[in-house]
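Quick caveat, the model's predicted, so the values are computed rather than measured.
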Amino acid sequence: MVYTVTFNPSLDYIVTVDDFKLGLTNRTESELMLPGGKGINVSIVLSNLGIENSAIYFSAGFVGDEITRRVQESGIRSEEIRLENGCSRINLKLKSIDGTEINGMGPDISEEDVSRLYEKLDKIEEGDTLVLAGSIPATMPETIYSDIIEHLSGRGIRIVVDATKDLLVNVLKFKPFLIKPNNHELGEIFGVKLETRESVVPYAKKLLEMGAENVIISMAGEGAVFVSSDGQVYMREAPKGKLVNGVGAGDSMVAGFIAGYLTEGDLLHAFKMGLSTGSASAFSEYLATKEEVMAVYKTVE
């Protein structure tokens with residue numbers, strides 16, 4: 001079983017505004033409203049790929065109600081942790097303005113609420129996979145992911161982390177199975193600018209030296225780089241296709257990698273599935289279906 005954790009889920013309001021004018025009233029040309037948050041996105045794509053999973057997430061207010069309704073509509077097993085105060089966030093994404101986004105803050109999560117999360121995590125069994133993905137509320141410590149992994153250490157659980165800055169760096173000492181920063185996030189960790197596939201390789205290897213077992217670096221139109229636990233380096237350019245909606249493409253890459261690894265146990269196949277799934281979602285209005293993923297997979301060398 002795969003479990004995903006989303007501390008700060010959202011309702012993503014994705015709009016297209018033609019000829020946007022600052023300071024004036026603009027009207028949308030298209031609208032899409034979807035449940036969001038990295039962990040939830042991973043769960044949706046895993047479900048699309050036929051991988052049984054459960055989404056654990058915090059929710060609050062009327063927005064939380066709508067997130068849960070839409071998660072359940074997606075056919076995912078929902079393990080909602082309901083917060084008494086605050087309101088889950090709405091993220092505004094302007095497709096037509098170079099990927100411009102305005103993301104909400106989300107509600108505060110108390111120590112008591114975190115204890116309820118640990119109760120759910122304690123049910124995870126040996127051989128299961130846990131995905132920790134996305135941002136956390138500002139009131140939470142940057143050690144929360146590493147605290148969770150330390151709590152679960154020694155239980156034979158496969159850990160996947162998709163996070164940024166200290167939230168990611170803090171988990172490395174616990175040797176997560178997979179981490180997935182993008183090239184900008186990787187550069188931010190080491191204080192450098194990384195724009196080519198070749199340039200990310202030394203820094204991906206540093207993450208291995210710091211404890212990660214496997215590292216995949218997503219690079220949007222540049223493709224991706226994968227450095228495996230045995231030091232092998234694989235680089236692939238992005239599959240050809242028309243960018244329709246980049247929201248969730250990185251999360252889809254994580255889901256594709258997990259699905260590929262769980263079905264065949266082969267890291268190279270998992271990398272190709274990750275690259276194909278991320279690209280298929282970028283080429284789709286919403287997160288990719290299995291049919292869309294396999295169509296892209298056939299084009300990846």
Side-chain angles (χ1 to χ4, degrees), residues 3-17 25-48 53-97 99-121 131-141 144-145 148 162-164 167 245-252 254-255 281 284-287:
Y3 296 85
T4 66
V5 174
T6 309
F7 276 88
N8 216 359
S10 62
L11 196 60
D12 289 348
Y13 183 45
I14 305 168
V15 302
T16 300
V17 180
T25 298
N26 296 273
R27 302 192 184 279
T28 60
E29 296 293 327
S30 68
E31 299 180 348
L32 191 61
M33 192 169 287
L34 306 168
K38 283 183 172 293
I40 288 176
N41 287 341
V42 171
S43 275
I44 290 172
V45 177
L46 283 171
S47 182
N48 290 350
N53 73 95
S54 183
I56 304 171
Y57 60 94
F58 294 90
S59 73
F62 75 97
V63 177
D65 292 338
E66 184 63 12
I67 290 171
T68 294
R69 186 182 73 80
R70 290 174 180 265
V71 165
Q72 292 174 345
E73 274 186 353
S74 299
I76 300 165
R77 193 169 81 178
S78 165
E79 296 196 41
E80 175 189 24
I81 301 173
R82 188 70 180 172
L83 305 176
E84 290 187 7
N85 301 312
C87 190
S88 295
R89 60 186 181 150
I90 297 175
N91 292 342
L92 174 63
K93 301 179 184 294
L94 301 169
K95 283 175 57 179
S96 51
I97 312 176
T100 300
E101 302 182 12
I102 302 174
N103 288 351
M105 292 186 296
D108 293 341
I109 299 174
S110 69
E111 290 186 11
E112 180 182 346
D113 296 323
V114 173
S115 297
R116 292 160 61 200
L117 169 64
Y118 278 105
E119 291 174 5
K120 291 184 178 292
L121 296 177
V131 182
L132 301 172
S135 65
I136 58 174
T139 54
M140 300 203 71
I144 185 62
Y145 281 1
I148 288 172
D162 182 3
T164 61
L167 201 57
N245 181 17
V247 175
D251 312 327
S252 298
V254 172
S281 283
S284 305
E285 191 68 34
Y286 186 32
L287 300 172

task: Assess whether salt bridge (Lys or Arg N to Asp or Glu O under 4.0 Å) is satisfied between R69 and E73, documenting all intermediate values.
output: CA-CA 6 Å; R69 186 182 73 80; E73 274 186 353; 2.7 Å; yes
Please give me the minimum heavy-atom distance between [X] and [Y], naming the atom from each residue.
X    : Y    : value
P141 : I136 : O-CD1, 3.4 Å
R27  : V17  : O-CG1, 3.7 Å
E80  : G64  : OE2-O, 4.3 Å
I76  : I40  : CD1-O, 4.5 Å
D12  : G37  : OD2-N, 4.5 Å
I109 : T139 : N-OG1, 4.2 Å

message: Evaluate V15 against L94 for side-chain contact (heavy atoms from CB on, under 4.5 Å), listing each step before the verdict.
response: CA-CA 5 Å; V15 302; L94 301 169; 3.3 Å; yes
Measuring from [X]:[atom1] to [Y]:[atom2], what's the distance to the nearest 0.5 Å?
X    : Y    : atom1 : atom2 : answer
E111 : M140 : CD    : CE    : 9.0 Å
S74  : N48  : OG    : CG    : 8.0 Å
Y3   : N53  : OH    : CG    : 10.0 Å
L132 : F7   : CG    : CZ    : 7.5 Å
N8   : K38  : CG    : NZ    : 12.5 Å
I14  : K93  : CD1   : NZ    : 7.0 Å

message: Any heavy-atom pair between the side chains of F58 and L117 that's under 4.5 Å?
response: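 Of all side-chain heavy-atom pairs linking F58 with L117, at least one is under 4.5 Å.
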query: Taking side chain as C-beta onward, heavy atoms only, is I67 less than 4.5 Å from S59?
result: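 In short, these two side chains do not touch, never coming nearer than 4.5 Å.
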Just by modelled atom types, is the [Y] backbone N or O under 3.5 Å from a matching donor or acceptor in the [X] side chain?
X    : Y    : answer
S110 : D113 : yes
R89  : N103 : no
R82  : G61  : yes
S10  : I90  : no
N41  : S252 : no
S47  : S43  : no

task: With side-chain contact (heavy atoms from CB on, under 4.5 Å) as the test, would you mind laying out the steps for Y57 and S78 before giving the verdict?
output: CA-CA 8 Å; Y57 60 94; S78 165; 2.9 Å; yes
- request: For atom CE of M105, decide whether the heavy atoms of other residues, nucleotides or ligands shown that lie under 6.0 angstrom number more than 12.
  value: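 Incorrect, the count does not exceed 12.
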task: List the steps and the verdict of side-chain contact (heavy atoms from CB on, under 4.5 Å) for D251 and D162.
output: CA-CA 8 Å; D251 312 327; D162 182 3; 3.8 Å; yes
- prompt: Thinking salt bridges, do E66 and R70 make one under a 4.0 Å N-O criterion?
  reply: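 A salt bridge links E66 with R70.
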- request: Please determine which of T4, V5, I56 meets the side-chain contact (heavy atoms from CB on, under 4.5 Å) test together with E79.
  value: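 Passing option: I56.
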Check against side-chain contact (heavy atoms from CB on, under 4.5 Å), L34 and I44: CA-CA 11 Å; L34 306 168; I44 290 172; over 6 Å; no
